[in-house]
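Take a look at the structure set out below.
Note that the structure is a prediction, hence the values are computed from the model and not measured.
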Amino acid sequence: MIKVQTDDFDIATLYQQLTNNELNPHGYGAIVTFVGKVRDFNQQQQVAAMALEHYPGMTEKSLEEIIVQAKARWPIGEPIIIHRVGELLPGDQIVYIGVASAHRKAAFEACEFLIDYLKIKAPFWKKEQTDSGYQWVDARETDQSAANKWAKQ
Amino acid sequence: MIKVQTDDFDIATLYQQLTNNELNPHGYGAIVTFVGKVRDFNQQQQVAAMALEHYPGMTEKSLEEIIVQAKARWPIGEPIIIHRVGELLPGDQIVYIGVASAHRKAAFEACEFLIDYLKIKAPFWKKEQTDSGYQWVDARETDQSAANKWAKQ
Amino acid sequence: MLTIVFFAQTREIINQGSLSLEFTPAFKDLETLRQHLASKGDKWDLALQKDKLLVAVNQQMSDWNTEVKDGDEVAFFPPVTGG
Amino acid sequence: MLTIVFFAQTREIINQGSLSLEFTPAFKDLETLRQHLASKGDKWDLALQKDKLLVAVNQQMSDWNTEVKDGDEVAFFPPVTGG
């Protein structure tokens with residue numbers, strides 16, 4: 001399941017959707033989730049607010065594509081990816097990734113793969129408001145190297 | 001925070017405890033959680049129920065010890081570990097591990113480290129009820145090898 | 001016709017979110033198209049500097065030597081920063 | 001005195017959860033203590049087979065050559081299977 005939305009999300013509801021479905025009542029004994037939140041500092045500057053822009057259509061396509069890759073690579077159920085756009089405040093939830101599997105290693109790896117690939121492949125852009133005004137967040141080299149570790153050996 | 005309890009746990013409450021504390025309102029932008037549940041099959045046999053025994057006192061000590069190790073190794077906040085004991089049914093939640101960090105890689109690694117070490121170091125034992133009666137669950141070689149991967153290089 | 005869209009800094013610098021462009025065979029690939037747009041003025045040249053620019057064709061990340069076809073939706077934007 | 005406790009299969013086989021044992025210097029290490037207990041009968045010998053047995057002293061996982069001291073709490077149990 002993929003959702004790009006301005007509204008906040010509720011992790012308890014998502015957890016139910018991830019695990020309690022009729023097709024798979026108890027088979028998936030391992031559930032790994034990741035939540036990313038807005039931090040209040042970036043590069044020594046206090047962040048007062050954030051705006052998230054995206055490329056409608058391509059966003060969903062790119063998330064579907066990385067889910068296809070994850071499912072081809074690990075024995076997991078249908079993951080959930082929720083990503084918010086629009087205006088956000090420090091402490092607000094930005095992104096949710098949930099993965100269920102019969103194997104905890106697969107659930108951990110697939111969940112980390114999904115957020116690592118989302119970070120470099122999904123067309124979202126963050127703009128932060130600090131004392132010096134709005135500024136676009138720079139892409140980080142560490143995000144590229146985090147994704148590179150999933151390159152098939 | 002460590003709890004060994006017969007009662008079920010609520011992941012939404014634990015998530016709040018992990019992230020919304022006064023000492024650290026927004027600093028930890030990455031939250032990784034793991035939940036383990038009772039599966040309904042083990043070694044081709046349908047599991048009707050499970051009983052979890054533990055060594056009171058040593059259980060808490062061993063969990064505190066692996067939390068100390070995780071905090072020495074990764075820049076994370078205080079993790080939460082909840083483990084249930086007593087009678088459980090297929091689909092029931094058994095264990096919760098929650099880790100918050102400013103860095104998602106640290107949060108993923110510390111969370112996986114905690115469950116991997118719990119699996120080989122914390123004195124819990126599972127007994128499953130199947131058609132052929134109760135039987136103790138065998139320790140798995142894969143749990144030992146999962147823990148071995150965290151040995152310092 | 002080609003539909004060209006811009007996002008984030010790229011959009012802000014040229015102060016324009018999209019435009020339509022008559023397709024001509026002269027647009028051999030995305031690099032030719034980029035150069036054509038960059039020549040529209042100083043701000044366009046600045047916005048379309050190649051060192052921190054990504055390009056997508058029909059909502060798929062693409063390389064600069066990808067062929068341009070009539071009807072394509074081409075997007076220019078900086079490296080992504082979601083998550 | 002030593003307090004000896006047993007868990008899971010180990011406890012079930014001997015059908016006993018704990019016992020107290022007068023400490024003597026003859027219990028040089030945990031291996032000596034294990035052998036002493038195993039000699040109490042067939043079920044004890046079976047329960048305390050070393051190949052799938054762990055031992056903890058004062059609630060810390062220990063090695064078989066760990067010294068035994070008066071007042072110790074010694075626990076015997078199979079490999080753990082929680083989580």
Please test D/Glu12 against B/Lys127 for side chain to side chain contact (heavy atoms under 4.5 Å, CB included), starting from the C-alpha separation and ending with a verdict. CA-CA 12 Å; D/Glu12 279 196 344; B/Lys127 203 156 97 164; 2.6 Å; yes
Can you check side chain to side chain contact (heavy atoms under 4.5 Å, CB included) on B/Glu53 and D/Arg11, steps first, answer last? CA-CA 11 Å; B/Glu53 177 175 332; D/Arg11 173 179 51 72; 2.3 Å; yes
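Around NZ of B/Lys3, the count of heavy atoms belonging to other residues, nucleotides or ligands within 6.0 Å does not exceed 12. Counting heavy atoms of neighbouring residues, nucleotides and ligands inside a 6.0 Å radius, atom CD of D/Gln35 exceeds 12 of them. The number of heavy-atom neighbours closer than 6.0 Å to CG of D/Asn65, taken from other residues, nucleotides and ligands shown, is above 12.
Across all non-hydrogen atoms, the minimal contact from D/Val80 to B/Lys119 is CG2-O, 3.4 Å.
A distance of 5.0 Å separates CG of B/Asp138 from NZ of D/Lys52, quoted to the nearest 0.5 Å.
Using a 4.5 Å cut-off between heavy atoms, D/Ala8 touches chain B through backbone and side chain atoms alike. Heavy atoms closer than 4.5 Å to chain D are found in the backbone of B/Ile120, but not in its side chain.
In this structure, B/Lys121 contributes its side chain and D/Met61 its backbone to no donor-acceptor pair below 3.5 Å. Without hydrogens or angle criteria, D/Thr81 side chain to B/Ala139 main chain gives no donor-acceptor distance under 3.5 Å. A donor-acceptor contact shorter than 3.5 Å is absent between the side chain of B/His83 and the backbone of D/Gly82.
Among B/Ala51, B/Gly36, B/Gly57, the residue making the largest number of heavy-atom pairs under 4.5 Å with chain D is B/Gly57.
Ring geometry for D/Phe7 versus B/Trp125: interplanar angle under 30°, hence parallel rather than tilted (30 to 60°).
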